[in-house]
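All figures in this text were calculated on a predicted structure; none of them were measured in a lab.
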Amino acid sequence: MKHSENNKFIIADILYWWTLAVVIAPNILLSFTEPISIFGKLTNSILPTGVWWVCLSLSKKVGRTSLFMFPLMFFAAFQIVLLGLYGRSIIAVDMLLNLLTTNPAEAGELLGNMMTYVLLVIVMYIPPIVTAILCCVKGIYLKNIFIQRYRIIAICLTITGIFTLIAAYSSGTGYSVKNDLFPINVLYNVKLAIHRAVKMTSNKSIDYNHYAHYDSSRNSREIYVMVIGETSRADHWQLNGYTRQTNPQLNDSTYISFPKVLSESNTTHKSVPMLLSHLTAENFEDSIYCVKSIISAFKEAGFKTAFFSNQRYNRSFIDRFGFEADTSIFIKEMDGAVSNPNDLSLVPYLTAQISEGNRKQLIVLHSYGSHFSYIDRYEGIEPTFTPDYPLQANPSHRNELINAYDNSILLTSKLLSEVTSELSNLDCPAAMIYTSDHGEDIFDDNRNLFLHASPVPSAYQIHVPFILWFNKAYVSQYPSIIKAAEANRLKNVSSSSSFAQTAFDIAGIRTAVSDTTMSVVNISYKEPKRIYLTDHNIGLPLRNIGMRQRDFEILDSLKIITD
């Protein structure tokens, strides 16, 4: 009997220490990864350890106490996975919103290729939870002398943490509990995410008006196609000097590629609304809830509009903007739709829309581009670059990941080629404008970063392609547009601020928010100041958002201005 009792105490002791270890693990890791002062690092390690240690020492019923800490374990596991992927940064507002705007199929693709990180947190967090349940059921407790002894140590550690916190605030380095102390910073971000999600459900844009008007001298039929890509990096485009033939279909001079383009966000749910509106990082937070998109501006100017998407509904501003069009179709949501169609499935909808013969048309295609898992983006198409499998979120699989990623770029190139082929057959002016929402990390250097949407982006996440194309009828009627585009081709561009303004100029539309200095097809174009929309929706200079020196070196090597 005594031996059995001792075993129970051993189980309780193990649960006690295991729970403490897993709840403070993110704090220890973040103390190494985050760019904060030495007192900030000490606070992040000492204060939470003391507080959670005190909590575990309040009662001998360690199973119950451990289960009460389940929410903390959940966020800790989430944080560790993100550190594995991004190498730094806390759980951000955008990451939390991504949970709301990511469909189950997309999440399944991602998790299926992240088994290393998933298994790690399972091994860390499932055993203490199971053991805690066992302790509750079997009545396994800690010894009173055990919790009394360590409670004193925990209280002393907490007091020490309070002193380091005071020192961190007094150091003048900008340390802030709501921004820098896990899990307080995560709870603050949860609050912001809930606030934004609630605001998203309101529609304050009903009465918004662009006061758009159309150049009356343009009296012929005209068709314009805006293609919005997904997760496409400019440096993997053959048009921009990439050594692989990822754009063999776009090999003539009619495609005007701008190689020095940066996005002002590395998240789809913020970048695409900026592409589809006049908003930039500077005014996004103040205005996104009460404006309409460029689609409505074209409608005001007399255009028939259509929005075709190869992404699923995600309860974001993208959906709201898409449904402003006269025709809105999310092809994956249609009855009988193929579960995972590639982007070439958008072409028949484009063809059908053009064949309606409307005098003025705007057609927006929202592709799935190069979203991970890359191999699923060109399903049904024979890969050019192999081997493209297996794919795992691991640096050892980088060659396979790059091959699959380049195959997805190749398919996007094919989509653009088919769009321009449709437009080239028309005897009326027509044009296409393409860019991507953001780029992607693919274990590019010794930081081993992967994917996108990290709170602080890398150079690879914000350097995006930007391509214009005009048919012969357009070139003949509006040569000054082509001349200006060629003159601006090697200038620095912000896709977020220039995409919509350029589309307005190409179509001869003026609105209350038109700005020709942002249009790359206008002689008055001015290179922008580099700003970025942070996780807290603040537009800051790119130099002030915490990007690493390595990223600025990459952009500098491409002669991209970062100020």
- Can you establish whether the number of heavy atoms outside F284 located under 6.0 Å from its atom CZ is more than 12? yes

Q) If only atom types and distance count, is the side chain of D535 paired as donor or acceptor with the main-chain N or O of V93 below 3.5 Å? A) yes

Inset, instruction - Side-chain contact test, heavy atoms from C-beta onward, threshold under 4.5 Å: evaluate it for T231 versus S436 and give yes or no. - result: no

Rounded to the nearest 0.5 angstrom, the CD-OG distance for E230 and S271 is 9.0 Å

Is the shortest side-chain N to carboxylate O distance from D444 to R398 below 4.0 Å? yes

Item checked: Within 6.0 Å of CD in E34, more than 12 heavy atoms from elsewhere -> yes

So CD1 of I409 and OG1 of T246: to nearest 0.5 Å the spacing works out to 6.5 Å

_How about CZ on F32, more than 12 heavy atoms from neighbouring residues, nucleotides or ligands closer than 6.0 Å, or not?_
no

* Asked: Centroid-to-centroid, Y125 to F78, below 6.0 Å?
  -> no

Rounding to 0.5 Å, atoms CD (Q461) and CE (M547) come to a distance of 9.0 Å

Can you establish whether the number of heavy atoms outside Q245 located under 6.0 Å from its atom CD is more than 12? no

Over 12 foreign heavy atoms within 6.0 Å of NZ, K191: no

Rounding to 0.5 Å, atoms OG (S413) and CD1 (I467) come to a distance of 7.5 Å

Below 4.0 angstrom, N of the basic side chain to O of the carboxylate: do D343 and R377 qualify? no

Will you find, in the side chains of S408 and S370, an N or O donor that is under 3.5 Å from an N or O acceptor?
-> yes

Tested for side chain to side chain donor-acceptor pair (under 3.5 Å) against D406, the lone hit among Y242, W237, Y374 is Y242

So CG of L416 and CE of M432: to nearest 0.5 Å the spacing works out to 4.5 Å

